[in-house]
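Read the structure below first, then the notes.
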Amino acid sequence: MADATPHDATPHDATPHDATGHRTAPRGTAPRATARRTTVGIVGGGPAGLLLARLLHRAGVDCVVLESRERAYVEQRQRAGILEQGTVDALRESGAADRLDREGIVHEGIELRWERRGHRIDFPELTGGRKVWVYAQTEVVRDLIALQLADGPPLLFGATVREITGADTDRPVIHYRHEGRERTLECDYVVGCDGFHGVTRAAIPEKHRVSHERVYPYSWLGILADVPPSCDELIYAHSRRGFALHSMRSATVSRLYLQVPNDTDPAEWPDERIWDELDARFAVDGEWKLRRGPITSKAVLPMRSHVTEPMRWGRVFLAGDAAHIVPPTGAKGLNLAASDVIVLARALAHLQRTGDTDLLAAYSDTCLRRVWRAEHFSWFMTTTLHTDPQQSEFQTRLQLSQLGRIASSPHAAAELAENYAGLPIG
Ligand code: FAS
Ligand code: PHB
């Protein structure tokens, strides 16, 4: 493998300059000109790229974010809903949590439901105080974009990265198209935060890149509905008809998911059919009732587990979905992206302060330990709670036994609670 230890670099003055060498747009506006050099080039303006930029900016490390989509598109993409303590702490440290602290909903547990019974998992009791926040990824992204456009570092929308060259040199270059022109950004380091379908992963030579993959034999049909949630905390339901999840976005908007076959067309699921099926899957003894309301969005989400190793090659790093994918049953995707960039920002700030590359050299191994823990937990939640149409009665009985064990053993419940609420980072 090429020398993957980044050469010592005393980060240069990377004030972004336009093609004529002048400083780019002053603080407070998105740069009209385009940057040509920076310390850290970040590909992708999703939660990973934006949080990394915020953390680096606060540490005085120059960076530029290149995002292919337009702002409106990035801000409306419906995705994750649960933030772990570590993610919330990082957003607070970077000054991006004001609205989260006003509007986020603190949750201290979840309910598991199966065979018409429910069992609550109490996070603080089982983890020594940890909890989670309900605050949609769309809101996290909105908050980070607003901060970055107001306070820097440069964030370019409509900037599509074509490729990264020089990954194993001390000057990797990002080649991208912006405002109709092919451009380059020379960096000390490049970080691929460009998601599962991005281009940065290809900077790792194929013969040195190992991918681990599992595709699940079912998908999720996710809906948003203008109806108050029928529960105070999330309900994860196992049923022989298939999995269902009751989440939320606010006191007036519910977010629900139900397991469907792969390649399901949302058009096959009119509102009435969705509510009837959810009713059947959430069925429980007692007074509980599922509130219905107008469904404002429907989308089918395939489910896969994926890990690319290593998460670094020379001076190019991968973070978030560019490096790994988890099925959303464990609410880990966004939080794993956040933990990657928290580790990376610490390493780059350490380099800037001390010139020492030891934390950077350890980045991939440090992150992969947590990635594989999250992969296992997401696989466990998915295979315990979903009913594969091909599964045997034996497999169903194993699932029911596991759920019964969690309900009867504080040790089994604590294992779930610790993983769900999030393990310490780094
Ligand atoms: P992202 O994919 O969010 O962002 C990558 C960014 O890079 C995008 O903005 C993209 O436009 C940009 N990009 C790509 N190629 C580029 C290029 N060549 N040049 C420039 N920019 C480029 N997780 C959960 O925890 N719970 C959930 O319920 C959940 N639901 C999900 C539903 C869907 C449909 C998907 C796809 C994911 C879901 N996830 C969920 C996981 C999701 O939240 C991810 O973990 C999270 O978005 C990861 O953030 P990033 O790594 O920043 O990647
Ligand atoms: C969501 O609110 O979108 C959500 C919550 C928990 C999950 C997955 C998605 O496990």
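Every value quoted in this text rests on a predicted model; they were computed, and no experiment measured them. Every number for a ligand or one of its atoms is a count from 1 in the order of the listing.
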Kindly confirm or rule out a cation-pi arrangement of R116 over F282, judged by NZ or CZ under 6.0 Å from the six-membered ring centre and within 45° of its axis?
no
May I have the N/O to N/O pairs between ligand 1 and the protein that fall below 3.5 Å, each with atom names and distance to one decimal?
{"unit_1": "ligand 1", "atom_1": "2 (O)", "unit_2": "R79", "atom_2": "NH1", "d": "3.0"}
{"unit_1": "ligand 1", "atom_1": "3 (O)", "unit_2": "R79", "atom_2": "NH1", "d": "2.6"}
{"unit_1": "ligand 1", "atom_1": "9 (O)", "unit_2": "E67", "atom_2": "OE1", "d": "2.7"}
{"unit_1": "ligand 1", "atom_1": "9 (O)", "unit_2": "E67", "atom_2": "OE2", "d": "3.3"}
{"unit_1": "ligand 1", "atom_1": "9 (O)", "unit_2": "R77", "atom_2": "NH1", "d": "3.2"}
{"unit_1": "ligand 1", "atom_1": "9 (O)", "unit_2": "R77", "atom_2": "NH2", "d": "2.7"}
{"unit_1": "ligand 1", "atom_1": "11 (O)", "unit_2": "E67", "atom_2": "OE2", "d": "2.7"}
{"unit_1": "ligand 1", "atom_1": "18 (N)", "unit_2": "V161", "atom_2": "O", "d": "3.1"}
{"unit_1": "ligand 1", "atom_1": "19 (N)", "unit_2": "V161", "atom_2": "N", "d": "3.0"}
{"unit_1": "ligand 1", "atom_1": "21 (N)", "unit_2": "S68", "atom_2": "N", "d": "3.1"}
{"unit_1": "ligand 1", "atom_1": "21 (N)", "unit_2": "S68", "atom_2": "OG", "d": "3.4"}
{"unit_1": "ligand 1", "atom_1": "25 (O)", "unit_2": "G333", "atom_2": "N", "d": "3.2"}
{"unit_1": "ligand 1", "atom_1": "43 (O)", "unit_2": "Q137", "atom_2": "OE1", "d": "2.5"}
{"unit_1": "ligand 1", "atom_1": "45 (O)", "unit_2": "D321", "atom_2": "OD1", "d": "2.9"}
{"unit_1": "ligand 1", "atom_1": "45 (O)", "unit_2": "G333", "atom_2": "O", "d": "3.3"}
{"unit_1": "ligand 1", "atom_1": "45 (O)", "unit_2": "L334", "atom_2": "N", "d": "3.3"}
{"unit_1": "ligand 1", "atom_1": "47 (O)", "unit_2": "R79", "atom_2": "NH1", "d": "3.1"}
{"unit_1": "ligand 1", "atom_1": "47 (O)", "unit_2": "Q137", "atom_2": "NE2", "d": "3.0"}
{"unit_1": "ligand 1", "atom_1": "51 (O)", "unit_2": "D321", "atom_2": "N", "d": "2.9"}
{"unit_1": "ligand 1", "atom_1": "52 (O)", "unit_2": "P47", "atom_2": "N", "d": "3.3"}
{"unit_1": "ligand 1", "atom_1": "52 (O)", "unit_2": "A48", "atom_2": "N", "d": "3.0"}

Contact (N/O only, under 3.5 Å) between R249 and ligand 2:
yes
Going by the 4.0 angstrom heavy-atom rule, the piece of L245 near ligand 2 is side chain
What is the closest protein heavy atom to atom 2 (O) of ligand 2, and at what distance does it sit?
S247 OG, 2.6 Å
Classify the ring geometry of W220 against H386: parallel below 30°, tilted from 30° to 60°, perpendicular beyond 60°.
parallel
Tell me whether P328 has any N or O atom under 3.5 angstrom from an N or O of ligand 2.
yes
Would a line drawn from the ring center of W313 to the ring center of H208 be shorter than 6.0 Å?
yes
Considering only protein heavy atoms, which is closest to atom 6 (C) of ligand 2, and at what distance to one decimal place?
Y236 OH, 3.3 Å
Flag the pair D276 and R292 as a salt bridge only when some basic side-chain nitrogen lies within less than 4.0 angstrom of an acidic carboxylate oxygen.
yes
Let's go through W379 and Y216 carefully: what are the C-alpha distance in whole Å and the side-chain angles of both, what is the deciding distance for ring-ring contact (aromatic ring centres under 6.0 Å, His included) to 0.1 Å, and is it a yes or a no?
CA-CA 10 Å; W379 164 85; Y216 294 83; 8.6 Å; no
To the closest 0.5 Å, what do you measure between OH (Y257) and CG (L234)?
9.5 Å
Mind running ring-ring contact (aromatic ring centres under 6.0 Å, His included) on H238 and F243 for me, showing each step along the way?
CA-CA 5 Å; H238 171 283; F243 169 78; 9.1 Å; no
Report the C-alpha separation of K332 and E375 in whole Å, then their side-chain angles, then the decisive distance to 0.1 Å, and conclude whether the side chain to side chain contact (heavy atoms under 4.5 Å, CB included) test is met.
CA-CA 9 Å; K332 290 297 132 199; E375 290 287 350; over 6 Å; no
Looking at ligand 2, would Q78 count as a contact under a 4.0 Å heavy-atom criterion?
no
Using distance alone, determine whether Y257 and ligand 2 share an N or O pair under 3.5 Å.
yes
Pick one: which of L156, I42, L56 meets side-chain contact (heavy atoms from CB on, under 4.5 Å) with V65?
I42
